[in-house]
Amino acid sequence: MLPFMFAGTIVLAILATGDIVSVLTKAKIPMMFVALGLYLVLTWLGMPQDYPMTSNFAMFGMTMLAPLIVNMATIVPLKDFAKQWRAIIVSLFGIIVAVILILAVSFFTFGYEKGIAGSGALCGSLVAAVITTDALKSVGMGALCIIPLAIVAIQEPIGQIVAINMLKKHAVNIYDSVHQKAAADESDSLTSDNEDKKTHTGRQPLIPEKYETPFVALLKLVAIACLGVFVGEKTALHWAINCLLFGIIAVYLGILRPKMLDRAESSGITMACILIYVFTQMNEVTPEVFGTEVVSILTILVVGIIGLAIGGMLGGKLVGWKTELSMAVALTALFGFPGNYIITQEVCRTVGKTEAEQEKLMDEMLAPMLIGGYTTVTVGSLLIASFLVQFL
């Protein structure tokens, strides 16, 4: 039992360190940037890479990833999901401009093959990296597999530190704007109008509230997530998309109430375990492996981030969004879910002075960040990576 407990203490201490730094810097440095960076350094210095699995937290995180996606539908009102066509346009502009810049720079420097190897992973995260590495091996370029794998491992913390500062500026603008209006009209303030006794559609829930115990709430989330994963294995539609869609349908039908994971009293442990599971994705990056392609990896990252920011800004101007929000949404290509949820939560916790203000800020910013992340990851994974590897 001691090995489990010791490993659990270490990985939780890493997360806690990230949280403390985020609070001290007022979210200028995101928690995941510190936690992932610290984990990587500690493993390079000799800490066993199996601590996340030994603690059993990573296994629970793998189990709860799909239910957490279902829970996203219970956080954001359905009417807000329907309004997020702008987030899709901004995200697409971001990844298109990023890919064009990466391929152009790589063609004139270290070779377009390396640009292809990195651009899909940068815009599509882990799934795109798998598609790319399989293609590289099939054409005898297995040595280049380090590029997409290393990019996936390190782009998340780097992307978050840029995105969180953009998102924080947007949150401060919202906060200041609303409070200025509130001075003239006391009814217009940062207060939440969510009614916990109804669903986001205004329907009465199917299950009476007295039976909506934490275990019942958790069961519903896991059961719907299980259905989403099952359909994903039987069809071409990714399981994560299924979970979100089924969650939205369940909310519409009154099966799920608002904020189901909070009702299940499981939010904190779920997020901690999912982040510990993310640690395992860093295990492939060693100092030796990273050093072989450090120039091309860093170049692709820098050019890609610039491309995402420029593309997001252009897309934002087209749809009438503020620059800060547009850039933050486009940059979700670098980390996707659950990073987009976590940094939004961090920003709201920092900017909002009360729980009601924090909740209202979440209502304003979470939907575009989630939809932006899903757009970039799915398009990057299923279209960009699949298309680009044909030119290897």
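In this text, all values refer to a predicted model and were calculated from it rather than measured experimentally.
- For the side-chain contact (heavy atoms from CB on, under 4.5 Å) criterion with Y277, the lone passing option out of M64, M59, M62 is M62.
- In this structure, the side chain of E324 does not engage the main chain of K169 through any donor-acceptor pair within 3.5 Å.
- The main-chain N or O of Q49 is found under 3.5 Å from a side-chain atom of Y39 such that the two form a donor-acceptor pair.
- Checked by atom type and distance alone, the side chain of E357 pairs as donor or acceptor with a backbone atom of K353 at under 3.5 Å.
- Side-chain atoms of S266 come within 3.5 Å of backbone atoms of A264 as a donor-acceptor pair (strictly under, hydrogens ignored).
- Atom CD of E364 is separated from atom NZ of K360 by 5.5 Å, given to the nearest 0.5 angstrom.
- Under a 3.5 Å cut-off, the side chain of S326 and the backbone N or O of M313 do not form any donor-acceptor pair.
- If you check the side chains of T74 and N71, you find a donor sitting under 3.5 Å from an acceptor.
- Scanning all heavy atoms of the two residues, the minimum distance from A66 to V229 falls at CB-CG2, 4.0 Å.
- Q155 places no side-chain N or O within 3.5 Å of a backbone atom of L301 that could act as its donor or acceptor partner.
- Side-chain atoms of D19 do not come within 3.5 Å of backbone N or O of L15 as any donor-acceptor pair.
- Summarising the geometry of R349 relative to S22, their closest heavy-atom pair is NH2-OG, 3.6 Å, with the distance given to 0.1 Å.
- Taking all atoms of both residues into account, the shortest heavy-atom contact from A87 to P368 is CB-O, 3.8 Å.
- There is a side-chain donor-acceptor pair under 3.5 Å between D262 and S267.
- A donor-acceptor pair is defined here as one N or O able to donate and one able to accept, closer than 3.5 Å; no such pair exists between the side chain of K114 and the backbone of I147.
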